[in-house]
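Just below is one structure, and these are the notes that go with it.
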Amino acid sequence: MNKQSKTFTNRQTVTAQDVADKAGVSRASVSRTFTSNGSIAPETREKVMRAASELGYQVNFLAQGLNRKRSQLIGVVVARLSDPFRSSLLESLLTEIHEKGYQALVTEVKNQEQLEETIRQFTQYRVSGVVVTSGQPPTELVSECVQHNIPVVGINRHMDLPYVDFVCSDNKMGAELALAQLLQSKCRALGWLNYKGSTWAGVNRGKTYRRLVESKQPEFGLTLSDLTAFEDGYEGGRAAAHDYCLSLKTGSVSKLDGIFCANAQLACGFLDGMRECGFEAPKEFHLIGFDDTQITAQYSYRLTTIRQNTSAMASQAIACLEARGADANSAQRIEMIPVSLVCRHTSPMND
């Protein structure tokens, strides 16, 4: 290592000007080298990259953002990453963000107050966009983002905000696929399982499913009962199954032969709870979940489910941010992502 390199590497921070001096180029050439689609001669780029490597130079994206009034950061709001679907969605988002040349600033929130503080911090960081996968973005803070030309996109939720875009799985398509499968399996006494305090997506699925069942009721003689879990996730579904089986014993409810669940975790818990009470699917009832997480394919569950396409959702979310960044006043986009039915043991295709 030469004397000049030693001098630079002993410094606390290597600047872009240091790289320019070592490479014998202008400060602007260094900036163009580390800017996406920056116009610069190949030989100049090579000099800059070699100098940056020798000096251990790292681009300060936040400082770039302060200079340009926008950083290369994408803020992502998440919640309950213990949920397999949410983890899968985050993984797809991180992949898409990286492939588009951005960096992700991920924050997990537990309540509305944390959500508000997180979005406020994202504004201060001057992020290039915000993706909200949990909670309802407060109107006033979203307006603040819009005023700062920071696009906001919500995934699997919806608000009546003109300059906020939304990407949602097609819940109507999912309900249609689930109902068609249950009807094909000769199910007529249907159930819908969700939990108290459900997300917008879960509520929307339930309302859509109910409307479809009611439209088919005269033709097939259908009935629909609501099964309520008092908490989300596996344990909520398991407890709901125990409550349902107890009600069956007392005669306060009728037996159901086809049950559709708001998400995969509820469905897996419900399936285990029913087994504990002596009921097996698909012999005594059919069960369909929503999400198609990794656990649903495992042999112990083999859950028939509606698959959400997280890769397509992530791709559309970032596309919405980029389009909104280019035209802040464009009409609101609501992108519906197609879903698909995955038939497994709990409701096989050719029953």
Side-chain angles (χ1 to χ4, degrees), residues 65 69-79 85-86 89-90 92-94 96-97 99-102 104-107 109 112 115-176 198-209 211 290 306 308-339:
K69 301 192 177 185
R70 184 171 298 183
S71 71
Q72 289 297 102
L73 296 171
I74 299 291
V76 183
V77 180
V78 299
F85 173 74
R86 294 170 189 260
L89 176 59
L90 177 59
S92 294
L93 279 169
L94 294 180
E96 185 69 18
I97 288 170
E99 289 181 352
K100 289 297 178 66
Y102 300 99
L105 185 60
V106 181
T107 300
V109 301
Q112 192 69 14
L115 174 62
E116 293 179 13
E117 180 60 26
T118 293
I119 294 180
R120 184 173 288 110
Q121 289 176 347
F122 285 167
T123 303
Q124 294 168 349
Y125 281 124
R126 303 185 187 184
V127 296
S128 292
V130 176
V131 180
V132 180
T133 69
S134 179
Q136 293 287 30
T139 302
E140 63 276 10
L141 287 180
V142 170
S143 299
E144 186 176 334
C145 287
V146 171
Q147 290 171 6
H148 287 84
N149 294 321
I150 299 175
V152 179
V153 61
I155 295 183
N156 274 348
R157 61 203 63 255
H158 179 66
M159 293 179 69
D160 188 20
L161 294 173
Y163 299 114
V164 178
D165 303 308
F166 295 91
V167 176
C168 306
S169 285
D170 192 332
N171 290 322
K172 183 175 184 293
M173 183 179 184
E176 290 172 340
S198 176
T199 62
W200 175 88
V203 172
N204 183 258
R205 288 165 197 162
K207 289 181 178 179
T208 304
Y209 185 60
R211 287 195 297 268
F290 208 108
I306 302 299
Q308 299 195 68
N309 189 337
T310 59
S311 295
M313 295 169 75
S315 177
Q316 281 295 334
I318 304 307
C320 283
L321 290 182
E322 292 184 327
R324 179 68 55 189
D327 184 2
N329 297 316
S330 60
Q332 183 187 63
R333 292 174 61 177
I334 300 178
E335 301 290 343
M336 289 295 177
I337 307 301
V339 296

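Hydrogens, waters and symmetry mates play no part in the numbers below; they use all other heavy atoms, side chains included.
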Student check: side-chain heavy atoms of [X] and [Y] closer than 4.5 Å:
X      : Y      : answer
Glu99  : Ile318 : no
Thr107 : Val77  : no
Tyr163 : Val152 : no
Ser92  : Met313 : no

Practice task
Kindly determine whether Val127 and Tyr102 satisfy side chain to side chain contact (heavy atoms under 4.5 Å, CB included), including the steps that lead there.
Solution key: CA-CA 10 Å; Val127 296; Tyr102 300 99; over 6 Å; no

Closest non-hydrogen atom pair between [X] and [Y], with its separation:
X      : Y      : result
Asp170 : Pro338 : CB-CA, 4.4 Å
Cys320 : Val167 : SG-CG2, 4.2 Å
Ser128 : Pro151 : O-CD, 3.2 Å
Asn156 : Trp200 : O-CE3, 3.5 Å

Spacing of [X] atom [atom1] and [Y] atom [atom2] [to the nearest 0.5 Å]:
X      : Y      : atom1 : atom2 : result
Phe290 : Ser169 : CZ    : OG    : 5.5 Å
Leu73  : Leu105 : CG    : CG    : 5.5 Å
Gln308 : Ile337 : CD    : CD1   : 10.5 Å
Phe166 : Met336 : CZ    : CE    : 11.0 Å

Report the residues that fulfil side-chain hydrogen bond (donor to acceptor under 3.5 Å, both in side chains) with [X], sequence neighbours left out, ordered by chain and then residue number.
X      : value
Asn309 : none
Lys172 : Glu176
Arg324 : Asp165, Ser330
Glu96  : Lys100

Exercise for the section: Kindly write out the residues that satisfy side chain to side chain contact (heavy atoms under 4.5 Å, CB included) with Val203, not counting sequence neighbours, or none if the list is empty. Expected result: Ser198, Lys207

Practice task
Using salt bridge (charged side-chain N to carboxylate O under 4.0 Å, His left out) as the criterion, list what pairs up with Arg211, not counting sequence neighbours.
Solution key: none

Exercise for the section: Go through Ile306 and Arg205 one step at a time and tell me if the side chain to side chain contact (heavy atoms under 4.5 Å, CB included) criterion holds. Expected result: CA-CA 11 Å; Ile306 302 299; Arg205 288 165 197 162; over 6 Å; no

Exercise for the section: In sequence, state the C-alpha distance, the side-chain angles, and the governing distance for Ile74 and Leu321, and then conclude on side chain to side chain contact (heavy atoms under 4.5 Å, CB included). Expected result: CA-CA 9 Å; Ile74 299 291; Leu321 290 182; 4.0 Å; yes

Exercise for the section: Kindly determine whether Ile155 and Leu93 satisfy side chain to side chain contact (heavy atoms under 4.5 Å, CB included), including the steps that lead there. Expected result: CA-CA 11 Å; Ile155 295 183; Leu93 279 169; 4.0 Å; yes

